[in-house]
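The residues of the chain are indexed from 1 along the displayed sequence.
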Amino acid sequence: MSVLIIVFLTAVIALFSGVFEQGKFARYIGILGLIIALYVSFMPECSFFDQYKHMYEYSANTALFTKLAIVTTLLLFFLGGFAFSNHRSHQSELYALMLFALVGGIVLFGYQNLVTMFLGVEILSIPLYVMAGANKTDLRSNEASIKYFLMGAFATGFLLFGIAFIYGSAGTFDLYRIHDFGVANTGNVMFILGVLLILCALAFKVALAPFHMWSPDVYAGSPSLITAFMASVVKISGFFALFRLMTIGFAGVTHEWINVLGVFLIITLLLANVMGLAQTNAKRMLAYSSVSHAGYIGLVFFGMTSLSTYNLAFYLFAYSLSTVGVFMCLIWVEKLKRETSFGAFKGLAKTEPLLATAAAISMLSMAGVPLTAGFMGKFALFSQAMNGAAFLVLVAVLGSALSIAYYLRLIIAMFFFKESTFKSSEKVTLTYNIIAVVVIVLIIILGIFPDLFARMFGL
């Protein structure tokens with residue numbers, strides 16, 4: 001909980017820094033606060049917070065996923081100076097909202113009861129509704145904000161209705177007591193209905209089909225850095241919240257929800273990758289890519305072992321790194337060309353080879369090409385799922401094969417056009433080059449030596 005408090009206080013200070021110099025210090029305040037929070041996350045939890053364990057517990061798994069979310073947010077903050085250059089009048093609000101959303105994510109990593117989970121989901125979601133509409137003069141951004149808000153409210157209704165059914169049948173919000181009730185009452189219709197309603201609500205949060213309808217429009221209309229935050233940090237938070245709930249609270253009735261989840265995954269893997277092939281805009285393509293990765297990550301629920309949590313963490317980190325690598329390139333191109341069609345990327349490698357290489361390696365990692373972190377993440381999840389759902393793995397492999405086609409379209413645009421459409425005077429910033437090197441090195445090193453992941457995060 002120490003990390004939670006540090007991130008919250010950082011968000012408050014960043015917000016009020018807007019009083020001075022139009023908030024130009026907010027990014028530096030956020031970076032400093034995140035570095036402090038990351039350092040504290042490696043330390044033992046203060047015993048003072050033991051009294052809140054029935055609500056929130058900072059366990060080893062909580063610490064691991066908190067570190068993943070903080071590292072990813074930190075990388076995005078480094079990209080913010082250039083990405084938010086046209087938001088000078090309200091930069092402090094945007095950085096503060098990102099940090100407040102991260103607070104909600106951290107709550108979801110350690111919640112012990114359904115009330116705390118609901119608070120975490122809403123603290124995570126409400127800032128996102130605002131950030132999606134940050135480009136106030138852009139109709140697509142306004143559409144993204146209102147669509148996300150309306151669909152989010154709809155999902156919240158599902159979540160609250162499900163929690164009400166669970167409480168009405170089990171008489172408790174505590175995850176472990178709910179688990180005991182589920183084991184003793186496997187045929188309780190109200191309890192099972194509550195489980196399915198909550199599953200649908202959280203499927204919306206992580207963009208699993210058929211609850212993904214909001215995702216392409218919201219991702220395409222939001223500012224690109226916010227889209228990257230949604231596709232990485234929000235994905236980490238939402239999936240671990242779902243994983244924690246299903247493997248602790250609802251583990252006693254696994255046979256009642258596992259097949260429903262399997263159907264969601266099949267629809268997700270096929271629909272998202274087919275729709276990705278049909279896109280002509282890189283940002284919308286990455287939106288469908290994000291939906292497809294929700295399908296791959298969902299395989300963690302099948303054939304579960306003692307390493308399932310580790311496999312989930314590794315995949316989420318590999319995917320988040322790749323997301324940062326691709327969106328870093330997209331942000332730069334969008335600033336110069338004011339569009340994100342595939343044509344806007346033509347010849348990028350001629351003028352910015354490092355940026356283009358980072359984006360290419362990131363997409364190859366997303367596709368699961370060997371010697372990348374994404375390949376090792378997929379290999380771990382697919383190997384695990386083979387023990388319980390071989391057909392799902394087959395569908396996932398087919399989806400991965402389809403995804404290579406739309407990733408290659410962007411790579412071909414960047415590397416295989418003789419003439420560059422970019423002026424040589426338009427050079428990327430030093431910060432972006434450094435982050436590009438970090439992303440490339442981490443993706444390749446974790447693809448060759450995956451055990452380094454455990455050392456990086458103190459496991």
Side-chain angles (χ1 to χ4, degrees), residues 3 34-35 37-45 58-76 105-106 109-110 231-233 235-237 239-240 243-244 247 293-294 296-326 357-358 360-388 393 396-397 400 434-459:
V3 178
L34 288 170
I35 290 172
L38 183 61
Y39 174 78
V40 172
S41 69
F42 284 89
M43 309 294 287
E45 180 66 306
Y58 194 76
S59 63
N61 287 336
T62 305
L64 171 59
F65 285 87
T66 298
K67 292 167 190 172
L68 299 184
I70 291 174
V71 168
T72 306
T73 307
L74 194 55
L75 290 174
L76 294 175
I106 295 173
F109 297 141
S232 54
V233 177
K235 192 79 78 177
I236 293 171
S237 306
F239 254 105
F240 188 68
F243 183 79
R244 186 174 179 83
T247 56
H293 280 278
Y296 303 131
I297 299 166
L299 292 175
V300 74
F301 292 98
F302 296 85
M304 288 187 59
T305 67
S306 58
L307 290 175
S308 293
T309 305
Y310 179 85
N311 293 340
L312 176 64
F314 186 94
Y315 191 99
L316 285 169
F317 184 63
Y319 169 67
S320 297
L321 272 179
S322 301
T323 299
V324 171
V326 178
T357 301
I361 289 176
S362 296
M363 285 186 284
L364 292 176
S365 179
M366 286 181 173
V369 173
L371 299 183
T372 63
F375 170 77
M376 296 307 301
K378 282 187 177 179
F379 181 79
L381 288 183
F382 290 7
S383 299
Q384 171 192 311
M386 279 297 292
N387 297 323
V393 175
V397 170
S400 292
I434 293 172
I435 299 298
V437 171
V438 170
V439 168
I440 292 169
V441 170
L442 284 176
I443 287 175
I444 293 175
I445 286 181
L446 290 176
I448 300 172
F449 305 106
D451 291 343
L452 285 177
F453 175 76
R455 298 181 188 177
M456 285 171 57
F457 291 98
L459 301 179

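Shown here for Phe314 and Leu446, the closest heavy-atom pair between the two residues is CZ-O, 3.8 Å. Nearest approach of Gln384 to Asn311, heavy atoms of both residues: OE1-ND2, 3.4 Å. Residues Tyr296 and Lys378 share a closest heavy-atom pair of CE1-NZ, 3.7 Å. Nearest approach of Leu64 to Ala313, heavy atoms of both residues: CD2-CB, 3.6 Å. When all heavy atoms of Ala318 and Gly374 are compared, the pair lying nearest together is CB-N, 4.1 Å. Among all heavy-atom pairs drawn from Ala385 and Val393, the shortest one is CB-CG2, 3.6 Å.
Atoms OH and CE, from Tyr58 and Met43 in turn, are 11.0 Å apart once rounded to the nearest 0.5 Å. Interatomic distance, Thr247 OG1 to Leu312 CG, rounded to the nearest 0.5 Å: 9.5 Å. Atom CG of Leu442 is separated from atom OG1 of Thr372 by 13.0 Å, given to the nearest 0.5 angstrom. Residue Met363 holds its CE atom at 10.5 Å from CD1 of Ile443, rounded to the nearest 0.5 Å. Rounded to the nearest 0.5 Å, atoms CZ (Phe240) and CZ (Phe65) are 5.0 Å apart. Considering CG of Leu321 and CD1 of Ile440, their distance stands at 11.5 Å, rounded to 0.5 Å.
Within 6.0 Å of OH in Tyr39 there are 12 or fewer heavy atoms belonging to other residues, nucleotides or ligands.
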Check: Should Asn61 and Arg244 be marked as a side chain to side chain contact (heavy atoms under 4.5 Å, CB included) after you check the CA-CA gap, both sets of side-chain angles, and the distance that decides it?
Finding: CA-CA 10 Å; Asn61 287 336; Arg244 186 174 179 83; 5.6 Å; no

Margin query: Applying side chain to side chain contact (heavy atoms under 4.5 Å, CB included) to Tyr319 and Ser232, what does each step give before you reach the verdict?
Written below: CA-CA 7 Å; Tyr319 169 67; Ser232 54; 5.5 Å; no

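A donor-acceptor pair is defined here as one N or O able to donate and one able to accept, closer than 3.5 Å; no such pair exists between the side chain of Ser365 and the backbone of Ile361.
Here the side chains of Pro450 and Phe379 are not in contact, with every heavy-atom distance at 4.5 Å or above. Residues Met304 and Phe243 form a side-chain contact, since some pair of their non-hydrogen atoms from C-beta on lies under 4.5 Å apart. Between Val438 and Val324 the shortest side-chain heavy-atom distance does not fall below 4.5 Å. Between Leu364 and Phe375 there is no side-chain heavy-atom pair separated by less than 4.5 Å. Two residues are said to be in side-chain contact when any heavy atoms from C-beta on lie closer than 4.5 Å; Ile236 and Ser320 meet this criterion. Side chains of Ile448 and Leu371 form a contact here, defined as non-hydrogen atoms less than 4.5 Å apart.
Ring pair Phe457/Phe317 is perpendicular by interplanar angle, where above 60° counts as perpendicular and below 30° as parallel.
For the side-chain hydrogen bond (donor to acceptor under 3.5 Å, both in side chains) test, residues two or more places apart in sequence or in another chain that qualify with Thr62 are Ser59. The side-chain hydrogen bond (donor to acceptor under 3.5 Å, both in side chains) search around Thr323 returns none, not counting sequence neighbours. Legend: residues meeting side-chain hydrogen bond (donor to acceptor under 3.5 Å, both in side chains) with Ser362, ordered by chain and number and at least two apart, are absent.
In this structure, a donor-acceptor pair under 3.5 Å is absent between the side chains of Ser41 and Thr66.
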